[in-house]
Amino acid sequence: MSATAVLLALASFAPDPGEPRFEELRRRAPARAWILERLEPRRFTTSPAFLALPGYIALSVAASMWQRASARLRTRRAPPEIERFAVRRTMTLGEAPGPAAERVRDAVRSAGFPRASAAGGELHGRRGALGFLGSMAFHAGLLATMVGIGLSAVGRFSGEVVLTEGFPVRLGPATVRAATPPDGAARLGGTTVAIRSVSVEFAPEVRQALPDSRTGMVDVSAVLDAERDGASPGRFFLSVNAPASLDGHQLSIHRYGFAPEIRATDPEGRVRTDAVAVLQVIPPGAEDAVALDGGGELRLRFYPDWAPRGAEPASRSPLPVRPVLAWRWMQGGREVASGLVPRGGAAEAGGYRIAFPSLRYWLELLVSRDPGLPWFTLGALLGVGGLALRFGWHEQSWRATLRPDGAGTRLELVLSARYFPALLEERAERVARALGGRAA
Amino acid sequence: MRTLEGAALWAAVAGYALAFAALSAGTFLGRERLGRAGWRLAAAGWAAHTLAIAVRWIATGHAPVQGAYENSLSGAWFIPLLGGVLVRQYRPAIRAAPFIVAIALLLLGNGIMAPAVHLPLEPPFRSNWLVVHVAFAWLAFGSYLVASVLAGYHLWLSRRRAAVPAARPAVIDELSAKLIAFGFVGDTVMIASGAIWAHGLWGRYWAWDPIETWSLVSWLTYAVYLHLRFTLGWTGSRAAWLALGAAAVVVVTFFGIGVVSDVHTQLL
Ligand code: HEM
């Protein structure tokens, strides 16, 4: 465990090999880059050298569980009467054994010892079976978690799909991007999904104050319709913390943006694009490009709530209240025309014409499937429950023997616990103080 | 509302600061009465602290767990609470109280430096997991820190070898271990709930981002402590040094990694 912790701590400092900084290092110090690359947490934690450690931990956890469970079963019929640490007190109490027993019961209980049961002239109590079970449950949980992590490592799939309002998409290798592993999207084939009623909400007080920020965003939600081979459509309500579950896959909202419908016509009257563009919203006002048929591109900046600050184009809020597109037509790397076009309108410059008939939202959904998740969840539940039992129910036992002694009672008290001997003594003193007898 | 929150917060800071002074006089100068007064001041500070949290919770409409200010406000609250439970269990532990109050003060101070604007909850935080995850994170963190104060106190006591020690070092040592065990349960709940929540949000329950990696490193460090203590019987100074080392790892996790890295919040 210590080795795992140290290696992980080191790995967390390794830079991401995708960073430009890292490219630089690769050039300057290839040997150092080689080592750091292998230490990058995602890569490092799937390397055989690292996986051997949890593998070893799993084996030793399993072996120790087996050993402890079988030892426990062997000794079950004769549980130890007294635990590892014991404190003995002998004293004389003023009252007769009957009332004395009552007081002993209360004093022992209020010092946190287990409840009393009586047998002959003796009172006793014990607690601990749950502690043992707790430890077993915790370690079983640890094993389940490790199985889960293993299953996730081999069977997890993730990818992204971009859906624009009103355009159904058939999920599969052709539409799911960034698929890992690349052939994993094949299992999705056949289901067609579409989103509608997308809503992006902002808190009213923040709308005005922080127009160019996503701070103050409250939620992104949509309705997702799914259809498979003409079967009755499934309908899901999606929001940031409410993913949909479809054919064993989870679909969760990851990003959103605006999708203006654009028709671009050149001076010869040829329609060079008639499509819905997928524009990024972060950072606001950033430029996006749409390729034009026959070469060239259209550079677009989107202002959802148009309110120029002097000559500066700007948006008052992130809400699509007065959407305006700023466009630049690029041909052969050179700007040939530019202008502004509001939703529902068209603009022309030098014979280049841009129409912006409608505006929709697009959403990027994360598509994932993780066969390890149920194991991980089970492991987490067992782990938490097990730990709570283990630490909440320490093994402890006590015995009180009461014999008449003149008008009073002679008490022999043995208090014991498996852990925390010093606290045991403190508690024993509390019991003795509460009983207030004469020490023998 | 904001005025009330501010007033309650400053009352809490003042209560803790005075408590720190009085408790220190109790511990270091043997002024028992001042020590007891310090304890009452700390309790008053904590009551004001609770009021500040309640007022903010009502004003923002959500549990105060978003951003540095709110997190410090809530995180610091658990520390005197744990200290209080501890001293109720074992009265002589009150001599470690100045350090416990000092941690609460430092945490609150860290929060006061951050902007306290009222913001609505961001979309990823709109989940029932939020309160579970964050409350257990702070409970675990608080338990570990108070346990490390006790570990330090244990080392101090066992070096002084006074004829009549102010507290029994062995009891202090065991209370420190108990708190670590308690914190470990909280830590496990924090990591497990965070992971399950992360799956719903991002389609993966673990991605080895720095905060996840470091949470696991801290968890493993305490798992090593618990095994050395309960399986191999490490107690006393060895266990105390170990507890102090583990607390250093946890401080790196919470402040070094948790605050500087933004990976904990992705995209939306
Ligand atoms: C030292 C460890 C950790 C601390 C102190 C911590 C604390 C927090 C806090 C305070 C928040 C609320 C949002 C904020 O104010 O930033 C949060 C959110 C969250 N945490 Fe953690 N956390 C820890 C570890 C983890 C781990 C290990 C996971 C997952 C495996 C996790 C998953 C999440 C998720 C999914 C959210 C909500 C979404 C978001 O941050 O965007 N956390 N955490």
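Just so it is clear: chains get the letters A, B, ... in the order the sequence lines come, proteins before strands, and each one is counted from 1.
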>> Could you walk me through whether Y419(A) and F230(B) satisfy the ring pair (Phe, Tyr, Trp, His ring centres under 6.0 Å) test, starting with their C-alpha distance in whole Å, then the side-chain angles of each, then the deciding distance to 0.1 Å, before giving a yes or no?
In response: CA-CA 8 Å; Y419(A) 305 106; F230(B) 292 110; 5.2 Å; yes
> By a 4.5 Å heavy-atom criterion (distance strictly below it), what part of W129(B) contacts chain A: side chain, backbone, both, or neither?
Replying inline: neither
>> As a quick check of understanding, evaluate side chain to side chain contact (heavy atoms under 4.5 Å, CB included) for F391(A) and L226(B), giving each step before the final call.
In response: CA-CA 11 Å; F391(A) 293 126; L226(B) 292 171; 3.9 Å; yes
> Which atom pair, heavy atoms only, marks the closest approach of G200(B) to P243(A)?
Replying inline: O-CG, 3.6 Å
>> With chain B as the partner, which of T145(A), L373(A), L366(A) has the greatest number of non-hydrogen pairs under 4.5 Å?
In response: L373(A)
> Distance from E174(B) atom CD to E425(A) atom CD, nearest 0.5 Å?
Replying inline: 9.5 Å
> Where is the tightest heavy-atom contact between L201(B) and S252(A), given as atom of each residue plus distance?
Replying inline: O-OG, 3.6 Å
> Of the backbone (N, CA, C, O) and the side chain (C-beta and beyond), which part of R168(B) lies under 4.5 Å from a heavy atom of chain A, both, or neither?
Replying inline: side chain
>> Return the CH2 to NE2 distance between W202(B) and H254(A), rounded to the nearest 0.5 Å.
In response: 8.5 Å
> Less than 4.5 Å apart, any side-chain heavy atom of E122(B) and any of M217(A)?
Replying inline: no
>> Looking at W362(A), I'd like to know if its CH2 atom is crowded, meaning that more than 12 non-hydrogen atoms belonging to other residues, nucleotides or ligands lie closer than 6.0 Å.
In response: yes
>> Whether K178(B) engages the ring of F420(A) as a cation-pi pair (distance to the six-membered ring centre under 6.0 angstrom, angle to the ring normal within 45°) should be assessed.
In response: yes
> Does a sphere of radius 6.0 Å around CZ in F141(B) hold more than 12 heavy atoms from other residues, nucleotides or ligands, not counting ones at 6.0 Å or beyond?
Replying inline: yes
> Can you check whether P123(B) reaches E201(A) side chain to side chain, under 4.5 Å on heavy atoms?
Replying inline: no
> Under a 4.5 Å heavy-atom cut-off, does chain B meet the side chain of I149(A), its backbone, both or neither?
Replying inline: both
>> What part of L142(A) gets within 4.5 angstrom of chain B, counting heavy atoms only: side chain, backbone, both, or neither?
In response: side chain
> S218(B), A177(B), A170(B), A181(B): which one forms the most heavy-atom pairs within less than 4.5 Å of chain A?
Replying inline: A181(B)
> Highest number of heavy-atom pairs under 4.5 Å with chain B: which of N241(A), L387(A), D370(A)?
Replying inline: N241(A)
> Hey, are S152(A) and Y205(B) close enough side-chain-wise for a donor-acceptor pair under 3.5 Å?
Replying inline: yes
> Has W208(B) got more than 12 heavy atoms of other residues, nucleotides or ligands less than 6.0 Å from its CH2?
Replying inline: yes
> Do you know which two heavy atoms are closest between G203(B) and S368(A), and how far apart they sit?
Replying inline: CA-OG, 3.3 Å
>> Over 60° means perpendicular and under 30° means parallel, so tell me whether F138(A) and F184(B) are parallel, tilted or perpendicular.
In response: perpendicular
>> Tell me if a side-chain donor or acceptor on Q250(A) pairs with a main-chain N or O of H199(B) at a distance below 3.5 Å.
In response: yes
> Got a sec: does the CH2 of W393(A) have more than 12 other heavy atoms crowding it under 6.0 Å?
Replying inline: no
>> Using a 4.5 angstrom heavy-atom cutoff, name the option from T221(B), T188(B), T213(B), V171(B) with the most pairs to chain A.
In response: V171(B)
> What's the shortest heavy-atom distance between V185(B) and V384(A), and which atoms?
Replying inline: CG1-O, 4.5 Å
>> Which atoms of I172(B) are under 4.5 Å from chain A, going by heavy atoms: the side chain, the backbone, both sets, or neither?
In response: neither
>> Less than 4.5 Å to any heavy atom of chain B: does that hold for the side chain of R369(A), its backbone, both, or neither?
In response: neither
